[in-house]
Number of protein chains: 4
Amino acid sequence: MTPSRPMRADARRNRARILAAAEEVFAERGAAASTEEVASRAGVAIGTVFRHFPTKRDLLAAIMKLLRRRLVDRADALIADGDPATAFFDYFTYLVESSAEIGTVVGALAEEGTAVEPGEQIKALTQAFGALLAAAQEAGAVRPDARLDEVMALVTATAHGALAAGWSADLRRRTLGLVLDGLRPR
Amino acid sequence: MTPSRPMRADARRNRARILAAAEEVFAERGAAASTEEVASRAGVAIGTVFRHFPTKRDLLAAIMKLLRRRLVDRADALIADGDPATAFFDYFTYLVESSAEIGTVVGALAEEGTAVEPGEQIKALTQAFGALLAAAQEAGAVRPDARLDEVMALVTATAHGALAAGWSADLRRRTLGLVLDGLRPR
Amino acid sequence: MTPSRPMRADARRNRARILAAAEEVFAERGAAASTEEVASRAGVAIGTVFRHFPTKRDLLAAIMKLLRRRLVDRADALIADGDPATAFFDYFTYLVESSAEIGTVVGALAEEGTAVEPGEQIKALTQAFGALLAAAQEAGAVRPDARLDEVMALVTATAHGALAAGWSADLRRRTLGLVLDGLRPR
Amino acid sequence: MTPSRPMRADARRNRARILAAAEEVFAERGAAASTEEVASRAGVAIGTVFRHFPTKRDLLAAIMKLLRRRLVDRADALIADGDPATAFFDYFTYLVESSAEIGTVVGALAEEGTAVEPGEQIKALTQAFGALLAAAQEAGAVRPDARLDEVMALVTATAHGALAAGWSADLRRRTLGLVLDGLRPR
DNA sequence: AATGAATGAGCATTCATTCAT
DNA sequence: GATGAATGAATGCTCATTCAT
């Protein structure tokens with residue numbers, strides 16, 4: 001309950017390094033990669049990793065939070081930017097293209113049995129995506145009966161698919177085209 | 001070579017039990033589940049599992065083969081059955097609905113680095129699906145420019161998505177609706 | 001105590017095959033080779049091996065017995081043959097040259113903790129070698145103070161050394177020369 | 001590379017304990033003894049053994065290095081000491097007497113197929129022994145035509161023999177006498 | 001706070017041996 | 001007697017997590 005004094009400077013630096021290393025390592029090696037590997041890539045000792053993230057789960061969750069924030073930021077930028085019709089499709093495409101980063105982590109957590117709490121971050125993402133969707137529907141670029149949860153499901157699916165199956169860039173573009181066509185008004 | 005006389009009755013029974021148990025266990029716990037768990041669920045000793053499948057990989061691969069055969073059989077049944085327009089969409093839906101079974105295993109193998117030989121089984125599946133697609137396009141039920149690889153990609157994606165994200169039955173149905181709409185002629 | 005009826009013909013044939021296979025396998029792969037390998041090389045099922053030799057130990061012991069008999073036979077032949085001076089040295093050399101066969105088995109048994117009972121066979125070998133030694137000493141070809149147990153020890157040592165260290169044929173010949181020189185009268 | 005600061009005190013203590021335990025265990029039980037046994041005899045957990053020696057092979061190799069160093073040290077001491085004639089024979093005897101320690105390990109490694117790199121250690125040993133031999137020959141205590149490799153072979157053989165066959169102290173002394181006689185000038 | 005050594009449960013795999021067929 | 005499937009203890013090794021330094 002005490003506000004717990006602000007982190008020491010080196011501690012904060014280490015936390016960041018660890019997160020960066022973890023992102024790299026898990027993206028490369030899958031979630032089976034060892035925490036030790038993360039530590040050494042971050043240039044810290046294993047104990048330091050566990051001081052910051054008491055559990056491997058916690059580390060994975062933290063990465064996810066990070067990724068989500070990035071995604072949300074991008075959505076906000078697109079919303080602020082302009083043309084609603086383009087924005088929605090651009091964002092959808094962007095999400096699928098970032099899949100590799102996200103996918104591994106999501107998969108890893110799913111595999112462990114306990115999915116991470118959908119928490120605030122995902123709410124924020126959903127909200128941002130919702131805004132883009134509404135705007136696009138308003139502009140008549142997306143069929144009006146498409147609901148937000150369906151659209152979210154669709155991105156997730158396409159992203160996972162692209163990742164797990166290792167589609168070529170070409171195949172990804174074409175498949176994405178089909179998916180997006182399903183969202184356009186007839 | 002040696003004609004290798006037909007498996008003894010108890011051996012065949014055990015092999016089947018192990019496969020069934022493995023399917024269950026891996027679907028529930030992910031591919032990280034232990035072989036020991038499979039053995040005990042199958043009611044055999046650990047050595048028996050390894051006698052039938054010398055490697056965990058082999059066990060996983062065997063499950064996959066089994067699943068694929070089921071999928072192909074179903075496709076063949078639908079092809080033989082009649083109405084091409086319905087058949088294609090039914091099969092697509094069926095595949096997504098079986099996703100839980102397939103997904104884990106596929107994912108597990110992909111994660112290990114060495115995917116199982118795409119070999120005959122997947123060729124057979126692609127072929128069967130191709131026949132359904134062609135018939136549906138012929139019947140004017142599917143847009144003529146949709147290519148087989150895109151359609152395969154789409155099923156995979158939807159199936160994985162449904163699996164990993166744990167969609168509700170309702171959400172799955174609605175999302176599937178959107179996907180299939182993208183495949184219909186405009 | 002009942003004389004236990006004479007072995008069935010096929011049983012005797014199998015016993016022989018197994019022994020032959022075991023000799024091969026253990027010579028090639030060392031004593032760590034699996035009993036299963038022996039069985040398959042002999043063309044019988046694993047159960048058959050264990051029916052004839054209830055324990056891996058027993059199998060190894062049986063091989064040893066076989067080898068010893070061969071060695072004794074050779075000694076007897078040399079004794080009967082003639083020139084005592086040559087005979088002793090020839091036999092010594094012969095033993096070292098057969099080392100590969102013997103060594104593995106002996107080593108294997110030693111490794112297991114319990115050496116095989118020296119039993120009758122080894123007594124027979126010692127006796128045969130003793131005869132050769134005595135004759136050679138009589139003939140003045142070997143120093144009269146060399147005792148039988150020392151000579152036995154010497155062969156064993158040289159044989160093991162040649163085996164374990166993988167001496168070249170040339171090195172073996174030269175080293176053997178030194179050893180034998182130690183046995184000659186000065 | 002990295003200067004890699006000097007091992008922590010407890011780590012060094014454990015490393016030493018493990019090596020000592022391993023020497024004991026492998027000498028008693030042969031190389032088939034389990035790593036677990038080594039761990040428990042050393043009073044550490046199994047993980048600690050593997051942290052220090054990532055592979056059983058590595059552990060075996062480390063023991064060998066240790067033994068070799070001891071042998072070389074002894075040789076150096078004898079060289080420095082004085083009387084060349086005695087030194088050579090003393091060292092030969094010493095080597096045979098240490099055989100139990102060495103033999104098991106050497107044998108174990110040989111059996112595994114990959115002998116440890118003959119590398120520096122064995123070169124050092126050969127060299128030290130070579131110096132003793134040369135000095136002894138110079139002093140007229142050893143026949144001048146005896147070559148270093150033959151002499152090495154002879155020690156190896158005698159050591160192995162003494163070890164594997166479990167000679168009594170008396171028999172070892174007498175046999176050694178015969179061997180050494182073969183090396184004296186006539 | 002950081003370090004990195006120690007822990008020990010867990011895992012895939014092997015193999016001598018037993019026993020139903 | 002022969003077969004070969006089943007057993008299960010044992011082994012080498014990994015890795016998340018703890019804790020003394």
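Residue numbers start from 1 in every chain, and the chains themselves are labelled A, B, ... in the order their sequence lines are given, proteins ahead of strands. Here the structure is a predicted model, which means the values were calculated and not measured. Only heavy atoms go into these numbers, but all of them, side chains included; no hydrogens, no water, no symmetry mates.
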How far apart are the C-alpha atoms of F50(B) and L59(B), what are their side-chain angles, what is the distance that settles it, and do they pass the side chain to side chain contact (heavy atoms under 4.5 Å, CB included) test?
-> CA-CA 9 Å; F50(B) 278 91; L59(B) 179 53; over 6 Å; no

Below 4.0 angstrom from OP1 or OP2 of dA2(F), is there any side-chain N or O of H52(C)?
->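 For dA2(F), OP1/OP2 do have a side-chain N/O of H52(C) under 4.0 Å.
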
Would one find a side-chain N or O of N14(A) under 4.0 angstrom from OP1 or OP2 of dA1(E)?
-> no

Nearest 0.5 Å, please: how far is [atom2] in [Y] from [atom1] in [X]?
X      : Y      : atom1 : atom2 : result
L19(B) : H52(B) : CG    : NE2   : 9.5 Å
E24(D) : E37(D) : CD    : CD    : 9.5 Å
R17(B) : T48(B) : CZ    : OG1   : 10.5 Å

Find out whether F53(C) and T35(C) are in side-chain contact, i.e. whether some heavy atom of one side chain is under 4.5 Å from a heavy atom of the other.
->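 The answer is no, as the side chains (C-beta and beyond) never meet within the 4.5 Å cut-off.
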
Output, in order, the C-alpha distance, side-chain angles, deciding distance and verdict of side chain to side chain contact (heavy atoms under 4.5 Å, CB included) for M64(D) and R69(D).
-> CA-CA 8 Å; M64(D) 232 181 145; R69(D) 196 185 314 277; over 6 Å; no

May I have the distance from [X] (atom [atom1]) to [N] (atom [atom2]), rounded to whole angstrom?
X      : N       : atom1 : atom2 : value
I18(B) : dA12(E) : CD1   : P     : 14 Å
M7(D)  : dT21(F) : CE    : C1'   : 15 Å
R51(D) : dA9(E)  : CZ    : C1'   : 17 Å

Ranking G43(B) and R12(C) by the position along DNA chain F of their nearest nucleotide, the one closer to 5' is R12(C)

Assign each of R13(B) and A11(A) to its nearest nucleotide of DNA chain E by heavy atoms, then name whichever residue's nucleotide is nearer the 5' end.
->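 The residue mapped nearer the 5' terminus is A11(A).
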
dA20(F): pairing nucleotide in any strand, Watson-Crick or G-U under 3.5 angstrom = dT3(E)

How would nucleotides 9-16 of chain F be written as a contact map, 5' to 3', with B for base contact, S for sugar-phosphate-only contact and - for no contact, using protein heavy atoms under 4.0 Å?
-> B-SSBB-S

Indicate, with a heavy-atom threshold strictly under 4.0 Å, whether R8(A) touches base, sugar-phosphate, or nothing.
->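 Sugar-phosphate, backbone atoms only, no base.
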
Side chain of D10(A): nearest nucleotide among dT3(E), dG4(F), dA2(E)?
->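 Within the option list, the nearest is dA2(E).
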
